[in-house]
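Beneath this line is the structure, given in C-alpha cells, with notes to follow.
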Amino acid sequence: MAKISDAQLKQLVEAAIFVAEGPLSEEKLQETVLLDLGVSGKRLSAILKELELDYRARGIQLVKVASGYRFQSMDSLAPWLSKLWQEQAPRYSRAMLETLALIAYRQPITRGEIEDVRGVSVSSHIIKTLSERGWIKTVGHKEVPGRPALYATTKAFLDYFSLSSLEELPDMQEFIAPEQDKLLQQDNELH
Amino acid sequence: MAKISDAQLKQLVEAAIFVAEGPLSEEKLQETVLLDLGVSGKRLSAILKELELDYRARGIQLVKVASGYRFQSMDSLAPWLSKLWQEQAPRYSRAMLETLALIAYRQPITRGEIEDVRGVSVSSHIIKTLSERGWIKTVGHKEVPGRPALYATTKAFLDYFSLSSLEELPDMQEFIAPEQDKLLQQDNELH
Amino acid sequence: MCPPLSDAHGLPPSSGVQQPLPLAFVHGEALIEKPEDLYIPPDALEVILESFEGPLDLLLYLIRKQKFDILTLPVLQITRQYMEYVELMLELKLELAAEYLLMAAILAEIKSRLLLPKRPDADQDEEDPRAELIRRLQEYELIKKAAGEMDALPRLERDLFAASAQTSDSVAPIRILPTVTLHELALSFQDVLKRAAAFEHHHIKKEALSTRERMSRILDVIRGREFVPFAQLFSVEEGRAGVVVTFLAVLELVKESLIDLVQAEPYADIHVKAKLAERD
C-alpha cells in the first residue's frame with residue numbers, strides 16, 4: 001500500500017486510536033499503523049482535526065492528552081455511564097490531593113518541602129499510592145543532607161486528568177516561583 | 001432525567017458501548033445506563049440500528065455478537081492495525097547463523113553433520129525457527145542409522161538474500177586459508 | 001475517612017465534589033462550637049475535628065470564619081480560639097498530631113513578642129513576628145485551593161471513560177523477524193570453519209577418528225553380513241587411539257540398538273550383527 005486515500009487514512013487512524021491500549025501519539029501512529037505509508041505530519045494532523053470534528057456531536061470525543069490521542073466519553077454522560085460499574089470511582093483524600101497538587105505545581109519537590117507547606121507530615125502511604133497509580137515518579141535527589149527524592153508528575157497523571165500539559169492545570173502562574181518556571185520550561189522542551 | 005431526547009439517547013448508548021468492558025446487550029443497557037429513563041425496547045432497537053448505519057463507513061463498526069453490541073475495527077484494516085502490536089524478535093544467535101550458513105554451503109546436510117562441524121549440539125529450536133522462517137526444508141533422509149533428515153535451503157531463502165542460485169553465495173575460497181581449504185576438501189569427500 | 005474539600009474561600013466543606021458530612025454542617029458552615037440549641041453527637045464533632053488537614057488548615061478556618069484578613073492576623077483572638085479547639089481535641093482524645101502543639105507554641109511566641117514593648121533602640125527593620133506565619137498560611141491556602149480545583153477537574157473513572165473498540169478477529173500481533181545479511185551468513189560460515197579447523201589442529205587424531213564417523217563406518221562394514229568377528233572392526237595401524245574410538249563407537253551403536261553383540265559361549269569370539277529390523 002504505497003498510497004493511501006484520505007478516506008482510508010481516516011478510517012485507519014480512527015480505528016487505531018480506538019483499538020490501541022492507551023493514547024496514541026502522532027509519532028506512535030507513524031511508527032506503527034502508518035509505517036511505510038508515507039503520510040506527512042501535516043496530512044496526519046489534518047486527519048486528526050477532521051476526526052475531532054466528526055465526533056464533536058457524538059457521545060464520545062477525540063481528545064489530545066499528554067501521551068497522545070484517545071477517545072473518551074462526554075463528561076456530561078458520567079452520571080449514567082458510571083452505572084455500568086458496580087464500584088464507585090475512587091475518591092481521594094484531601095491529604096492526597098494536596099500532596100499531588102504540590103507535586104504538580106512545584107515539581108520537582110521533596111517530601112520535606114511538601115510537609116513544610118502543608119504543616120503536617122506526609123504519610124508514606126500517600127507517596128506509595130501516588131507512585132503506584134503512576135502519577136508521580138522520582139526524578140532525582142536533592143543535594144542536601146539525606147539526599148531526599150525529588151518528585152515530579154508523569155504523563156499518566158496528565159492523561160488521567162485529561163490534560164495535555166502541566167500548563168493546562170488551573171491557575172498555573174500563581175503557583176510558580178520564577179526559578180521553577182524556568183525548570184518547568186526546560187522540562188517541557190524535553191518532551 | 002425522566003425524558004431523554006433521541007439525540008441524547010443515541011450519545012448515551014454509543015458512549016456506553018464504547019466504554020463498557022465487554023459487549024453490551026439491550027437488556028444490560030436497560031439495567032444500567034438506561035435505568036429509570038423509560039426507553040422502550042423498540043426505541044432502543046431503532047437507536048442501535050441508527051448507530052450501526054452511522055458507523056458503516058467508519059474505521060470501526062457496531063456489530064452484534066452473541067453477548068451484545070460492541071464496536072470493532074473494520075476487518076480490512078487488520079494488516080495495518082496489527083502493527084500496533086508488533087514486536088521486534090531478538091537478533092539471531094551465532095548458533096542460528098552458523099547453522100544456516102552450514103545448511104546453505106554444505107547442503108544437503110544432516111543435523112549430526114552440522115553438530116560435527118560446529119562441535120556442539122544443534123538445538124531443535126534452531127531448526128524449527130529456520131524452518132518456520134521458510135529458509136530451510138527437509139529434502140530427504142540420509143541412508144544411515146536413524147535416517148536423519150537432510151536439510152537444504154529453500155527458494156524463499158534465495159529470495160530473501162536476492163540470490164538467483166546458490167552459486168551466487170559468496171565464494172568461500174576467498175575466505176579460507178590453504179590448510180583449511182584442504183580440510184574442507186576432505187570434509188567434502190566424505191559426503 | 002476522606003473529609004470533603006473546602007471551597008475556594010477556605011471555609012470547610014460545603015458542597016464539594018465529595019460528599020458532605022450531613023450532621024456536621026448547617027447552612028454550609030461546619031458546626032464546631034456546640035450551639036446551645038442543637039445537640040451534636042460527639043462522633044460528628046470528632047469527624048469535624050479530624051477533617052482538618054493540620055494546624056494551618058485549622059488556623060485558616062478560624063481566620064475565614066471570623067472574616068479576618070490573613071494579612072492583619074489578629075494573633076490574640078486567633079490564638080485563643082486555636083487553643084480552644086486544641087483542648088477540645090485533647091478532651092475528645094483525638095490523636096493529636098504534634099504539629100498542632102508546635103503551632104500552639106509558635107502562636108504563643110508570636111503573641112508574647114507582640115506584647116513586649118519595643119525598645120527604642122530596636123532595629124527598625126525587625127520583621128513583624130507574624131510575617132512568617134502569614135506567608136505560610138497564604139501558601140497553604142493556595143495549595144488547598146489548587147487541590148480543590150484539581151479534584152474538580154474532569155478525570156478518568158469518575159467523569160470520563162476511555163472509549164475503546166475491539167480489533168476484528170484477523171488482527172494479530174506482528175513479530176518483526178531479525179534481518180540477516182549475506183555478508184553475515186558468509187562470515188558465520190567462515191567462523192565455524194575456522195573454529196572447526198582450530199579444533200582439528202589441537203585434537204587432530206580425535207577428530208580424524210571421531211566416534212560418530214566410526215559408528216557410520218562400522219555400520220558400513222557389517223551391512224549385509226550375518227556376523228562379523230568383533231576383532232575385525234579394529235585395525236592395528238590406528239594404534240591405541242583408534243582402538244578406543246572403535247570401542248566407544250561399538251558401545252554407542254549397542255546403546256542406540258543399531259547392532260547386537262553375540263557370544264556363543266564363555267570365552268568364545270564375540271560377533272557383531274546389524275539389527276536389520278532397526279534399519280529402514
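All values derive from a computational prediction rather than experimental measurement. Side chains included, hydrogens not; waters and symmetry mates left out as well; all remaining heavy atoms used. Each chain gets a letter, A, B and so on, in the order its sequence line appears, and its residues count up from 1.
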Fill in the blank from the handout: Highest number of heavy-atom pairs under 4.5 Å with chain C among A:Ile17, A:Asp75, A:Asp116 belongs to A:Asp75
Fill in the blank from the handout: Per-residue tally against chain C (heavy atom, under 4.5 Å) across A:Ser82, A:Ala95, A:Ser162 peaks at A:Ala95
Tell me, side chain or backbone of [X] under 4.5 Å from chain C's heavy atoms, or both, or neither?
X        : result
A:Ile60  : side chain
A:Met74  : backbone
A:Leu77  : neither
A:Pro90  : both
A:Phe157 : side chain

Pairwise side-chain contact, [X] with [Y], heavy-atom cut-off 4.5 Å (strictly under):
X        : Y        : answer
A:Tyr92  : C:Met150 : no
A:Val63  : C:Leu160 : no
A:Val120 : C:Pro55  : yes
A:Arg94  : C:Lys144 : yes

What pair of heavy atoms forms the shortest contact from [X] to [Y], and how long is it?
X        : Y        : answer
C:Tyr140 : A:Arg118 : CD1-CA, 3.9 Å
A:Ser121 : C:Glu99  : N-OE2, 3.0 Å
A:Gly119 : C:Arg136 : CA-NH2, 3.7 Å

Completion exercise
Applying side chain to side chain contact (heavy atoms under 4.5 Å, CB included) to A:Thr138 and not counting sequence neighbours gives A:His141, A:Ala149, A:Tyr151
Handout entry: A:Ser73 side chain vs C:Phe161 backbone, donor-acceptor pair below 3.5 Å
Key = yes
With rounding to the nearest 0.5 angstrom, report the [atom1] to [atom2] distance, [X] to [Y].
X       : Y        : atom1 : atom2 : answer
A:Leu35 : C:Ile174 : CG    : CD1   : 9.5 Å
A:Met96 : C:Asp151 : CE    : CG    : 11.0 Å
A:Thr99 : C:Ile143 : OG1   : CD1   : 10.0 Å
A:Arg70 : C:Ser164 : CZ    : OG    : 11.5 Å

Practice task
Return yes when atom NZ of A:Lys83 has more than 12 non-hydrogen atoms of other residues, nucleotides or ligands closer than 6.0 Å, and no otherwise.
Solution key: yes
Practice task
Using side chain to side chain donor-acceptor pair (under 3.5 Å) as the criterion, list what pairs up with A:Asp159, not counting sequence neighbours.
Solution key: A:Ser67
Exercise for the section: Tell me, for C:Leu56 versus chain A, whether the close heavy atoms (under 4.5 Å) come from the side chain, the backbone, both or neither. Expected result: side chain
